Amino acid sequence: MDELRDLNTMPVPSELSNNVFVTTIDRFVSYIYNWGRKRSVWPMMFGLACCAIEMICAAASRFDIARFGSELMRPSPRQADLMIVSGTVTKKMVPQIVRLYNQMPEPKYVISMGACATGGGPFKEGYNVVSGIDKFIPVDVYVPGCPPRPEALLQGLLKLYEKIERQSVRAVPWYQRGESEAIPVPILGPDLIDPRRLPEIRARLAELRARQGASTETSS
Amino acid sequence: MTTPTKTKAAPLAELKGDLAVLKEKFGDAVQPAEYEGVVIANDVLVEAARFIRDELGYRYLSSVTAVDYIQEGYFEVVYHAYRLEGGGPLVFKARTPRDVATVPSLVSVWPGADFQEREAWDLMGIRFAGHPNLKRILLWEGFHGHPLRKDWKEPYYEEEHKPFSSRWPSGHHVRAEDRVFWHDNVQYPLDWDPDQVEDTSDELLYIGMGQFARAETGELVEPKSLRTERLVVNMGPQHPSTHGVFRMVVTLDGETIVRLEPVMGYLHRNHEKIGERNMYLQNMPYTDRLDYICSMSNNLGYAIAVEKLLGIKPPERAEYLRVIMAEFTRIVNHLWAIGFLLNDLGAFFTPALYAIEERELILDLFEEASGSRMMCNYMRFGGVAHDVSDDWIARAKELVYNRLPRAIEELDRYLTHNELIKARCQGVGVLPPDLAVAYSTAGPVLRASGVPYDVRRAEPYSIYDRFDFDVAVRYNGDVYDRYLIRIDEMWQSLRILRQALDQIPKGEIQAGKKQYMIRVPAGQAYGRVENPKGELGFYIVSDGSPNPYRYHIRAPSFINLTALNEMCKGHKVADVVVILGSIDIVLGEVDR
Ligand code: SF4
């Protein structure tokens with residue numbers, strides 16, 4: 001990177017100024033790099049619920065996601081760039097989803113497809129439903145709808161391209177020093193447990209117990 | 001705590017027909033129940049069930065479910081059994097006090113009760129004495145509580161019934177997260193120690209499999225010349241061929257399957273709990289999301305169940321529209337199923353693309369009629385939501401007379417006599433007819449095993465008694481026949497569609513006024529329809545309020561899976577994928 005930085009600050013010689021497209025190197029590199037990868041985002045073959053059917057339709061002949069370079073659905077997370085969370089995220093399933101996300105190599109992106117994946121949707125009040133996948137993994141694009149039409153998913157994909165286009169090689173997390181941290185996998189106990197929230201859960205449980213000690217009324 | 005009001009009618013005065021025979025045989029152990037059926041004492045339940053199956057001839061146990069009568073202080077387990085020759089159900093019930101919560105298991109009489117009893121244990125907390133494998137099925141081992149009990153409250157609990165008065169308390173919306181103590185859709189019991197977090201649900205599962213594998217050693221199918229080791233392999237929940245988030249844990253001996261255990265619940269969306277808080281009409285869009293390929297026919301099943309309680313009939317035109325939509329749905333579903341069966345066979349996506357192409361054309365019709373491609377929400381109690389134009393009928397006719405026959409013909413021509421398909425499908429995953437009945441399988445799975453049982457014929461609903469069609473049946477019970485029967489059924493659906501589209505009269509599409517909040521007279525009803533995947537039933541208990549007291553869904557995909565172990569034993573891993581594809585499940589309905 002250091003050489004790049006030097007190049008960056010070098011003035012363009014005057015005799016070349018008509019022939020050279022002046023840009024900073026990292027912008028130029030980023031442009032080429034992003035141009036190359038944005039049109040071949042490979043989604044993971046991963047369907048959760050009804051929205052997955054519309055995702056399949058988006059891949060089929062009428063809507064043809066191949067026009068945008070994303071027809072290669074990879075069954076293995078190791079080969080995928082994009083996770084389309086297409087459907088209701090349940091408590092029983094979320095440990096698997098987080099594990100899959102952790103297994104995807106960087107750079108990786110997430111599209112949350114449909115009302116359920118975005119916020120629980122029609123099933124939000126259900127006892128086994130997670131109120132949106134973004135409680136656990138970072139989401140890049142939200143696609144509203146129940147289910148979103150295939151066109152809506154395609155638009156979500158185009159939005160993702162815009163996001164990819166704007167990323168700078170220098171700033172993206174996956175070229176920084178050190179390893180990026182995996183997201184702790186949720187645990188199924190008496191209810192779903194997010195390990196990151198354990199201290200909070202402990203405190204709240206203590207509060208509840210104290211309250212119960214104060215009055216005989218039970219609450220859960 | 002507010003307990004729901006429960007008004008119970010007086011028990012039936014007099015028992016008729018087979019119920020009277022039952023009463024005669026078992027005397028005081030059989031008592032008339034309210035509304036319908038009999039209550040059988042727990043100590044003779046198994047014996048009576050055998051009598052019902054063998055002597056009275058109700059060989060097919062359609063549905064097992066439980067109701068929590070909290071005010072009366074007992075649980076009631078409700079069974080619906082049918083004769084294969086057709087006709088109405090024999091309804092019998094068992095009761096157990098809430099604090100005992102145990103009834104004898106009927107798995108020894110009807111193996112098809114297996115998963116349904118496990119579901120009742122999981123969600124209602126009723127133990128079934130003598131059940132071979134009474135584990136949770138939709139939730140995970142270790143979950144706190146049994147959610148369908150009337151005194152169990154979900155984390156986002158607001159009120160017993162919708163419409164919630166708190167929806168817009170001061171003119172703005174409050175997020176559920178901000179309202180509840182845990183700030184999330186979770187709750188933990190007081191006596192739980194968060195420092196002991198360990199997920200042991202899977203360990204239990206694997207230990208169970210190991211034990212079983214040892215106990216069954218004598219039963220190996222393939223002669224062994226090599227010494228092989230048993231191996232437990234997981235397929236799913238994220239697996240390209242499990243049709244969604246379904247998981248199978250298989251014990252292998254070499255590459256041969258010794259035992260397979262389906263693990264489900266990864267898409268358990270709590271339809272029934274939500275449905276019991278909803279008003280009747282609010283459940284209609286939720287039924288779309290059960291079997292999300294066939295939203296139209298799910299609507300029909302629910303509408304019919306509620307109409308039974310209401311005692312109304314839709315006008316002629318609406319009946320025709322319902323049949324037209326339901327039969328188009330069957331074609332959509334079977335196209336999809338065949339496309340993806342081929343996917344599972346390794347013909348990656350090409351046949352599916354052809355199937356989806358035709359499906360899109362039918363979806364266009366659905367969209368025009370209902371406003372949505374997939375989630376149609378089209379039927380109403382006593383009618384349908386929207387009328388269709390003459391132009392719509394003309395285009396539907398064009399599809400039915402020209403386009404679809406060509407498409408089915410094409411599938412048939414390229415696939416049916418294909419060498420590879422025959423080699424991979426014939427003789428694989430055989431389910432003999434007696435087992436198909438015993439396991440309560442339904443729909444194409446049952447009929448491909450040589451049992452010509454179709455609800456449209458056996459207990460006609462809507463106006464199916466007017467149409468001329470054959471019940472498709474095939475006799476080998478293997479994957480190939482389950483493929484063929486879907487082709488046959490599409491031809492039959494086209495026959496029905498031609499008649500319906502030619503005969504449809506003009507007129508009203510809704511009996512009475514459109515109503516948002518209906519009151520349903522107190523009672524119990526089991527409405528069932530022949531869905532593309534099998535018999536879809538809705539068991540509804542009404543207490544006369546605007547919300548169902550109990551709302552249970554008999555999901556064909558779920559119950560068909562009971563026989564999966566039986567079909568897969570002795571085959572190879574690669575065959576499992578195909579066998580599963582031939583059952584044709586959809587996870588929205590399996591897990592509900
Ligand atoms: S958003 Fe709607 S269509 Fe999508 S998974 Fe949820 S319920 Fe199904």
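Chain letters run A, B, ... following the sequence lines, proteins first and then strands; every chain starts at 1. Computed from a prediction, not measured in an experiment: that's the story for all the values here. As a basis for the values below, the full set of heavy atoms in this structure was taken, side chains included, without hydrogen atoms, waters or symmetry mates.
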May I ask you to name which of B:Ala176, B:Ser372, B:Gly145, B:Pro147 has the most heavy-atom pairs under 4.5 Å with chain A?
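When all of B:Ala176, B:Ser372, B:Gly145, B:Pro147 are compared, B:Pro147 has the most.
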
Between B:Met375, B:Arg289, B:Glu357, which has the largest tally of heavy atom pairs under 4.5 Å with chain A?
B:Arg289

So which residue, [options], ends up with the most heavy-atom pairs under 4.5 Å with chain B?
options	answer
A:Ile97, A:Asp194, A:Thr88	A:Thr88
A:Ile56, A:Val94, A:Val130, A:Val89	A:Ile56
A:Leu48, A:Ile53, A:Val129	A:Ile53

Knowing that exactly one of A:Glu200, A:Arg197, A:Arg204 qualifies, which makes a side-chain hydrogen bond (donor to acceptor under 3.5 Å, both in side chains) with B:His183?
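That would be A:Arg204; it is the only one of A:Glu200, A:Arg197, A:Arg204 passing the side-chain hydrogen bond (donor to acceptor under 3.5 Å, both in side chains) with B:His183.
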
Please look at [X] and chain B and tell me whether the side chain, the backbone, both or neither of the residue comes under 4.5 angstrom of a heavy atom of that chain.
X	result
A:Glu54	both
A:Ala52	neither
A:Met44	side chain
A:Leu198	side chain

Nearest 0.5 Å, please: how far is [atom2] in [Y] from [atom1] in [X]?
X	Y	atom1	atom2	result
A:Met93	B:Leu267	CE	CG	9.5 Å
A:Cys57	B:Met374	SG	CE	7.5 Å
B:Tyr156	A:Lys124	OH	NZ	4.5 Å
A:Asp191	B:Asp184	CG	CG	9.0 Å

With a 4.5 Å limit on heavy-atom distance, are the side chains of [X] and [Y] in contact?
X	Y	result
A:Ser131	B:Arg175	no
A:Asn128	B:Trp140	yes
B:Glu360	A:Ser61	no
A:Arg202	B:Asp193	no
A:Glu125	B:Lys162	yes

Work out which heavy atom in B:Gly265 is nearest to a heavy atom in A:Thr90; give both atom names and the distance.
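Closest pair (atom of B:Gly265, atom of A:Thr90, distance): O-OG1, 4.3 Å.
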
Quick check: closest heavy atoms across B:Asn185 and A:Lys91, and the distance to 0.1 Å?
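Closest approach of B:Asn185 to A:Lys91, heavy atoms only: O-NZ, 2.6 Å.
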
Residues that B:Tyr286 engages under ring pair (Phe, Tyr, Trp, His ring centres under 6.0 Å), provided they are two or more places apart:
A:Phe123

According to ring pair (Phe, Tyr, Trp, His ring centres under 6.0 Å), who are the partners of B:Trp192, at least two apart in sequence or on a separate chain?
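B:Trp192 satisfies ring pair (Phe, Tyr, Trp, His ring centres under 6.0 Å) with B:Tyr188 only.
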
Would A:Arg62 and B:Asp364 pass as an ion pair if we require N to O under 4.0 Å?
yes

Is the count of non-hydrogen atoms from other residues, nucleotides or ligands lying under 6.0 Å from [X] atom [atom1] greater than 12?
X	atom1	answer
B:Phe181	CZ	yes
B:Phe340	CZ	yes
A:Gln176	CD	yes
A:Trp35	CH2	no

Between [X] and chain A, with a heavy-atom cut-off of 4.5 Å, which part of the residue counts as in contact: side chain, backbone, both or neither?
X	result
B:Asp191	backbone
B:Ile293	side chain
B:Ile356	side chain
B:Glu367	side chain
B:Arg269	both

Spell out the residues in residues 98-110 of chain A that have some non-hydrogen atom less than 4.5 Å away from a non-hydrogen atom of chain B, in order of number; otherwise answer 'none'.
A:Leu100

Taking a cut-off of under 4.5 angstrom between non-hydrogen atoms, the residues of residues 142-166 of chain A near chain B are A:Cys146, A:Pro147, A:Arg149, A:Pro150

Would a line drawn from the ring center of B:His144 to the ring center of A:Tyr127 be shorter than 6.0 Å?
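Not close enough - the centres of the two rings lie 6.0 Å or further apart.
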
